[in-house]
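All remarks here apply to the structure that follows.
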Amino acid sequence: MAAAVKLNSLQPLTIHISSNISGLHGFKGKWNSNPRLQQRCTAQMSTGNRPDPPKVIDSHLHVWASPQQAAKEYPYFPGQEPTLPGHVDFLLECMREAGVDGALIVQPINHKFDHSYVTSVLKKYPSKFLGCCLANPAEDGTGIKHLQDLVSKDGYRAVRFNPYLWPSGQLMTNEVGKAMFAKAGELGVPVGFMCMKGLDLHLSEIEQLCTEFPSTVVILDHLGFCKPPTNYEEEKIFSKLLHLSRFPQVYVKLSALFRVSRNPYPYEDLSDVLSKIVSSYGANRVMWGSDFPFVVPECGYKEAKEAVTKLIEQVELSSSEKEWIMGRTVYQIFNSRWSSS
């Protein structure tokens with residue numbers, strides 16, 4: 001299994017550039033303080049050594065069994081029966097219509113820790129999809145072995161930490177959480193955080209894990225669930241999201257826009273949010289995601305992709321920055337090739 005890109009592997013071009021321009025007074029300071037400058041130079045230098053990746057990769061979506069499949073082979077977790085169609089044939093139809101080449105499938109809560117349906121999809125379409133498994137934070141520590149098996153045997157390439165699955169009163173920084181987070185870094189799989197109830201509730205845990213285990217790549221789902229701030233408290237929380245960019249292993253998903261926008265489609269109030277995220281992180285640490293199938297009744301799958309491109313145009317990002325957000329970032333993290341066939 002190809003290892004996911006780790007923290008140190010994302011830096012060599014930066015080191016090479018800074019070591020060869022020491023004679024240009026003042027440039028080094030501008031380089032270190034300007035992630036967008038780093039991203040643009042890195043993009044220009046990296047594309048000459050390998051074929052271009054597919055243009056559009058969806059970094060965040062889900063699939064689950066149809067009711068017929070659930071009855072026969074892939075049961076839903078009790079109480080988590082879906083209300084929307086989310087089977088892979090429907091997804092593939094949406095992707096073809098939207099011109100999306102590949103995707104990262106995040107294990108849905110509808111099947112909880114039973115990964116058999118998503119695993120079957122990954123095996124059937126290996127050039128189309130990669131998988132992000134769901135961490136099991138059981139107190140007996142069985143989730144650590146489960147994570148290792150899902151990565152080494154079933155080929156999952158990322159793991160999602162859902163803090164609301166931790167035992168009552170426990171934090172993601174408990175003994176099991178730290179062990180799983182460290183194991184993820186050891187296995188070379190990024191950890192995605194789903195902070196649905198608010199980034200501020202889990203910020204200290206994320207910072208602690210990033211500090212103690214810097215080799216584990218981190219991905220913040222859905223802009224950390226930060227909506228465009230409308231008051232001082234929300235501004236503080238959003239500033240903390242931006243400040244997490246100080247950890248070079250942290251990435252942000254520009255995903256599920258309907259969850260974080262205060263406006264209807266095409267979610268134009270997110271333009272300032274996107275501008276500040278790119279200014280802090282660089283476009284090469286930002287990736288778009290649809291949150292299929294939840295996005296379908298909200299605005300449609302194709303429209304979800306178009307909303308992101310409209311925001312990119314509204315912010316006046318460069319074509320290179322757009323390429324990173326729409327696919328190259330996730331391509332680089334997972335060091336994988338998606339086929340458009």
Side-chain angles (χ1 to χ4, degrees), residues 54 56-136 143 146-147 149-151 153-162 164-165 192 194 196 221-222 253 255-259 265 288-308 330 334 336 338-341:
V56 181
I57 303 171
D58 188 339
S59 75
H60 193 104
L61 51 75
H62 309 277
V63 292
W64 49 71
S66 67
Q68 295 79 10
Q69 291 172 315
K72 292 180 180 179
E73 191 173 2
Y74 304 109
Y76 304 129
F77 188 81
Q80 296 290 349
E81 295 81 5
T83 59
L84 297 170
H87 55 86
V88 69
D89 292 335
F90 179 36
L91 170 62
L92 289 169
E93 178 185 334
C94 291
M95 290 174 66
R96 279 192 294 268
E97 180 189 3
V100 174
D101 298 294
L104 178 69
I105 299 176
V106 179
Q107 170 71 9
I109 196 64
N110 311 87
H111 294 291
K112 206 167 183 183
F113 302 125
D114 178 358
H115 289 68
S116 57
Y117 179 71
V118 171
T119 300
S120 73
V121 172
L122 299 178
K123 290 181 177 177
K124 187 173 182 180
Y125 302 100
S127 64
K128 184 69 71 175
F129 301 117
L130 296 182
C132 173
C133 61
L134 182 61
N136 180 356
H146 190 212
L147 169 60
D149 288 345
L150 286 167
V151 173
K153 296 179 181 179
D154 295 323
Y156 283 79
R157 302 290 300 278
V159 56
R160 188 181 216 191
F161 274 32
N162 179 341
Y164 317 112
L165 296 178
M194 188 194 74
M196 182 173 281
D221 293 347
H222 312 333
K253 284 184 181 179
S255 52
L257 301 190
F258 65 94
R259 296 189 187 276
Y265 179 85
W288 91 280
S290 67
D291 203 17
F292 173 94
F294 300 108
V295 73
V296 174
E298 296 290 337
C299 69
Y301 185 80
K302 180 180 179 182
E303 290 75 11
K305 172 195 165 189
E306 290 172 350
V308 175
V330 67
F334 295 104
S336 295
W338 275 265
S339 169
S340 58
S341 61

Heavy-atom side-chain proximity of R259 to D221 below 4.5 angstrom: no

Nearest atoms (heavy-atom pairs only) where C132 meets L104: N-CD1, 4.1 Å

Heavy-atom side-chain contact between Q80 and W64 under 4.5 Å: no

N/O donor-acceptor pair under 3.5 Å between K305 side chain and A98 backbone: yes

Smallest separation among heavy atoms of G86 and P293, with atom names: CA-CG, 4.0 Å

Side-chain heavy-atom pair L61, D291 within 4.5 angstrom cut-off: no

Min side-chain heavy-atom separation F113-L150 under 4.5 Å: no

Close side-chain approach of R160 and Q107, heavy atoms under 4.5 Å: no

Flag side-chain contact, heavy atom, 4.5 Å: L122 against D154: no

Between CD on residue E298 and OG on residue S290, distance to nearest 0.5 Å: 12.5 Å

Heavy-atom pair with the smallest gap, counting every atom of P126 and K123: CD-O, 3.5 Å

Rounded distance [0.5 Å steps], CG in L130 versus CZ in F334: 6.5 Å

Gap between atom CD1 of I109 and atom OH of Y164 - 0.5 Å precision: 12.5 Å

Validation row, ring centre F90 to ring centre F292 under 6.0 Å: yes

Short side-chain to backbone donor-acceptor contact, H115 and L134, under 3.5 Å: yes

Side-chain (E97) to main-chain (M95) donor-acceptor, under 3.5 angstrom: no

Closest approach of V56 to W288 (non-hydrogen atoms, all atoms of both residues): CG1-NE1, 3.7 Å

Check: S116 main-chain N/O paired with D114 side-chain donor or acceptor under 3.5 Å: yes

Distance (rounded to the nearest 0.5 Å) between E306 CD and C299 SG: 9.0 Å

Geometric class of the Y76/H111 ring pair [parallel <30°, tilted 30-60°, perpendicular >60°]: tilted

L91 vs V121 side-chain heavy atoms within contact, under 4.5 Å: no

Residue pair Y156 / T119, side-chain heavy-atom distance below 4.5 Å: yes

For K128 against D101, the heavy-atom pair lying closest together: CD-O, 3.1 Å

Atom of A70, atom of A65 and distance for their closest heavy-atom approach: N-CB, 3.9 Å

Gap separating the NZ atom of K124 from the CZ atom of F129, nearest 0.5 angstrom: 10.5 Å

Side chain to side chain donor-acceptor pair (under 3.5 Å) assessment of Y301 paired with D58: CA-CA 11 Å; Y301 185 80; D58 188 339; 2.8 Å; yes

